[in-house]
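In what follows, a structure is listed as structure tokens, so that the remarks can point back to it.
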Number of protein chains: 2
Amino acid sequence: MSKGQETKQRLLDSAQELMYSRSYSDVGVQEICKDAKVQKGSFYHFFSSKSALTVEVLEQLKMQMIESILLPAFAKDLTPSKRFERFIEYAYQHQLHLKEEYGYVLGCPMGNIALEMSTQDEEIRKKVETLFESIFYVFVDVLDDAKAAGEIDEAANTSELAQVCLAYGEGVLLVAKTKNDPEVVKQLLPHVSKLIGFKGLAD
Amino acid sequence: MSKGQETKQRLLDSAQELMYSRSYSDVGVQEICKDAKVQKGSFYHFFSSKSALTVEVLEQLKMQMIESILLPAFAKDLTPSKRFERFIEYAYQHQLHLKEEYGYVLGCPMGNIALEMSTQDEEIRKKVETLFESIFYVFVDVLDDAKAAGEIDEAANTSELAQVCLAYGEGVLLVAKTKNDPEVVKQLLPHVSKLIGFKGLAD
DNA sequence: ATTCTAGTTGACCGCTCGGTAAAGTCAACC
DNA sequence: GGTTGACTTTACCGAGCGGTCAACTAGAAT
């Protein structure tokens, strides 16, 4: 990686962590620069605005989320319903870890930014919308597998169910963050199996 | 209402609308005062800080939400499952109305503030937590009715189901806000009946 | 009539905000 | 060796932030 790219990467990483642990508005470009050990002028060499930086942060966030959580959790070595169980465990462990490290359950970084910025910055809102779509496709894929495996009804609308899963997951994380309690994730997330309609499953 | 109380009320109303349509951080004390036609000094006569004002805004929000949406929707003139249908319709109409008026789906005012402020202001986080509890009790009540009426399983854990309903509702509103599309509410919210487990219900 | 106090006014504080501008550094390429 | 262009540095901008303060007004209580 060239020197310039390293600098840009430090800015992205600092911004991601600071914004996730606090909020978009509470973190200024000054603080991001200080944390990344970059001068302000350099910041504006790489990013046209704080908003543009945030869009790139969101992209990076999506890649990390898919590669380090979604793909491992939904890997096809297990039955679809077991994959969901694994996903729930990952999500729980992640929030637990965050609470230990920061003292706070941080919830979903995309959901956080979405609720804060959707009415104020159309670029950011659209970006989050496309991130949600990427996650949506991952869900559709597992749900189609579940259908093929006979774990859910043949007539199931997997595309709608994927949206439902996404919404429920975001909701659970929102409540967990509000109560600042990772156990909420462990307790509530398993109910998703009722939304999906896994056959012969007591949860 | 005394003159002072009227002033205070104007501040609360302005703050509520501005913060709901934008965000906590994006609305300053100055702007709230201007909108309410109150001088800044007066603001600090009534509220010790922006944070303290917000806690009172949240309390007002809760009362309005319960009285104008929750109680009417869950009034006992219908069967519990029909009450949920009515609630969904109210929620949908509300977001539709907001989109027409502001150009944006605004989602849940409490959820919005919760995600933005939970890690930054403990007073606000705790306040939202108690608001969620109030809503929680309303759900428990309907769910207990549903159990008594035989609409859901006798062994159902109504208290956990109430949490699940709250989380799902918040999640759906988050997705609707992100997509800026009220139809998401109409499409996804009915799936809540699967979470609750209403007997013999095709949704 | 006077005192008291709730409420109001508007100037002011230090600080940070997002963003700009211009000069300087350094390595790669011709 | 000179030029180019990516990158860095530093000083700076106007505006707004949350919050403070002291002087003022007016109505109620004594």
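Source: prediction; values computed, not measured. Every heavy atom of this structure was used, including side-chain atoms; hydrogens, water molecules and symmetry mates were not. A, B, ... follow the sequence lines: proteins, then strands. Residue 1 opens every chain.
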Q: Describe the nucleic acid contact of A:Phe43 in one word from base, sugar-phosphate, nothing, applying a heavy-atom distance below 4.0 Å.
A: nothing
Q: Using the ring-ring contact (aromatic ring centres under 6.0 Å, His included) rule, collect all pairs that involve residues 57-84 of chain A, keeping only residues at least two apart or in two chains.
A: A:Phe74-A:Phe84, A:Phe74-A:Phe87, A:Phe74-A:Phe139, A:Phe84-A:Phe198
Q. C:dG7 C1' sits how many Å from B:Phe47 CZ, rounded?
A. 14 Å
Q | B:Tyr44 vs D:dT20: side-chain N/O to OP1/OP2 distance below 4.0 Å | A | no
Q. Between D:dT10 atom P and A:His45 atom NE2, what is the distance in whole Å?
A. 17 Å
Q | Between C1' of D:dC17 and OH of B:Tyr24, the distance in whole Å | A | 12 Å
Q: Take atom CD of A:Glu31 and atom P of C:dC17, then tell me their distance rounded to the nearest Å.
A: 7 Å
Q. Rounded to the nearest Å, what distance is computed from the CD atom of residue A:Gln5 to the P atom of nucleotide D:dG5?
A. 18 Å
(Q) Using OP1 and OP2 only, check whether a side-chain N or O of B:Gln39 sits under 4.0 Å from C:dG10. (A) yes
**Q.** Gap between atoms CG and C1', on B:Asp121 and D:dG18 respectively (whole Å)
**A.** 13 Å
**Q.** Aromatic B:Phe43 / basic B:Lys50 pairing, under 6.0 angstrom, 45° off normal
**A.** no
**Q.** Beyond-backbone contact of B:Gln95 with B:Lys177, side-chain heavy atoms, under 4.5 angstrom
**A.** no
Q.
Taking the nucleotide of DNA chain C with the nearest heavy atom to each, does B:Thr7 or B:Gln30 sit closer to the 5' end?
A. B:Thr7
Q: Check the distance between D:dG18's C1' and B:Asp26's CG and give it to me in whole angstrom.
A: 15 Å
Q | Rounded distance in Å - CZ (B:Arg10) to P (C:dG7) | A | 13 Å
Q | B:Lys147 side-chain N/O to B:Asp153 backbone N/O, donor-acceptor pair under 3.5 Å | A | no
Q | A:Lys40 side chain, from C-beta outward: closest of C:dG18, D:dC7, D:dT20 | A | C:dG18
Q: Mind jotting down which residue pairs meet the side-chain hydrogen bond (donor to acceptor under 3.5 Å, both in side chains) criterion with at least one end in residues 36-45 of chain A? Sequence neighbours excluded, please.
A: A:Gln30-A:Lys40
Q. Between D:dT9, D:dG18, C:dG19, which one does the side chain of B:Lys50 approach most closely?
A. D:dG18
Q.
Does A:Gly41 reach a base, just sugar-phosphate, or nothing at all? Heavy atoms under 4.0 Å.
A. base
